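The block underneath contains the structure these notes are about, expressed in structure tokens.
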Amino acid sequence: MNFENKTAVITGGSRGIGLAIAKKLAENGANIAILYVGDEAEGKNAVAELAAYGTKVEQYFCDVSDFEGSKKVVDTVLEEFGGIDILINNAGITRDKLVLNMDEKDFDAVINVNLKGTFNMIKHTYKHFMKKRSGRIVSTSSIVGLIGNAGQANYSASKAGIIGLTKSVARELAGRGVTVNAVAPGYIGTDMTNVLSDKVKEAMKAQIPAKRIGTPEDVANVVAFLCSDEAAYVTGEVIRVDGGLAI
Ligand code: NDP
């Protein structure tokens, strides 16, 4: 895999799976723009870590659910990096509750970040990719977007939506040399899952055929492949990275 002279934009790139993807791409030569919404200092640490690979790395504040704000950030990256070759839609949130207790704002918040945020970023880069006649878009779905999960109706719906979005845009852009794929991680050890109780974690682990919790690097390896030249003929695909959990 060689990403030299390529620029990757990674939403939610300063921690967890997003940071692992950023590292994997930078390690193989990519310039990196990480978008963050939370802690600026954490973003700065990530930039410093990524800079060790010797490529251009910048961070930008970007709430992906904000259509106009995210457009401005994409335009700035296009100007400062001279183009975008790879878009990684990784930003995601949870607001887990049974539908019985889920209010409208829990549902809207998750859909707005996870699904609309993915649409926003694709929309803002779409023309650029079309004109370039090349590019890679990889979005982070989840196995719960495939099989559902009690207590995650909002999150599962957003992740299933990403699959429909991915397959549709893949069809739209295939003739332009742009591939559009998704990964569907299972249970991966990050801040998102660290909030679960030890009891829930053990119960989850027991259900995983591979008998271990996934790492952010497990996901990053698959995403990097989908971003590579070697994956040129793979589009509209959803690859589970789950140790067999959703077989
Ligand atoms: P984390 O909670 O560690 O990271 C979430 C990332 O999303 C953070 O970088 C955060 O940015 C970013 N983010 C949240 N809201 C916004 C927003 N409005 N605009 C821009 N960025 C935002 O989670 P993971 O690393 O585990 O998750 C990464 C992706 O993988 C998510 O889409 C998640 O749904 C998906 N996933 C994770 C699984 C797991 O088991 N961990 C399983 C399946 C899918 P900041 O750092 O600035 O706060």
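Read the numbers this way: they start at 1 and go in the same order the structure lists the ligands and their atoms. All values reported here derive from a predicted model rather than from experimental measurement. Counting begins at 1 with the first residue of the sequence.
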Pair Glu42, Arg15 - check salt bridge (charged side-chain N to carboxylate O under 4.0 Å, His left out), show working.
CA-CA 8 Å; Glu42 190 171 44; Arg15 61 193 166 105; 3.6 Å; yes
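- For the pair Ser158 and Val110, the tightest heavy-atom approach, listed with the atom from each and the gap, is OG-CG1, 3.9 Å.
- For Gly117, the heavy-atom gap to ligand 1 stays at 4.0 angstrom or more.
- Here atom 46 (O) of ligand 1 lies nearest to Arg15 when heavy atoms of Met204, Arg240, Lys159, Arg15 are compared.
- Pro216 does not count as a contact of ligand 1, since none of its heavy atoms falls under 4.0 Å from the ligand.
- In this structure, the side chain of Asp242 does not engage the main chain of Gly186 through any donor-acceptor pair within 3.5 Å.
- In the candidate list Ile93, Asp242, Ile34, Ile93 is nearest to atom 15 (N) of ligand 1, counting heavy atoms.
- When the options Asn90, Ile10, Ile88 are ranked by their closest heavy atom to atom 29 (C) of ligand 1, first place goes to Asn90.
- The other members of the hydrophobic cluster of Leu98, by chain and number, are Leu100 (side-chain heavy atoms under 4.5 Å, ILVMFWY only).
- Between Leu35 and ligand 1 there is no heavy-atom distance shorter than 4.0 Å.
- Nearest to atom 9 (O) of ligand 1 by heavy-atom distance, out of Ala20, Gly12, Ser158, is Gly12.
- The number of heavy atoms from other shown groups lying within 6.0 Å of NZ (Lys201) is above 12.
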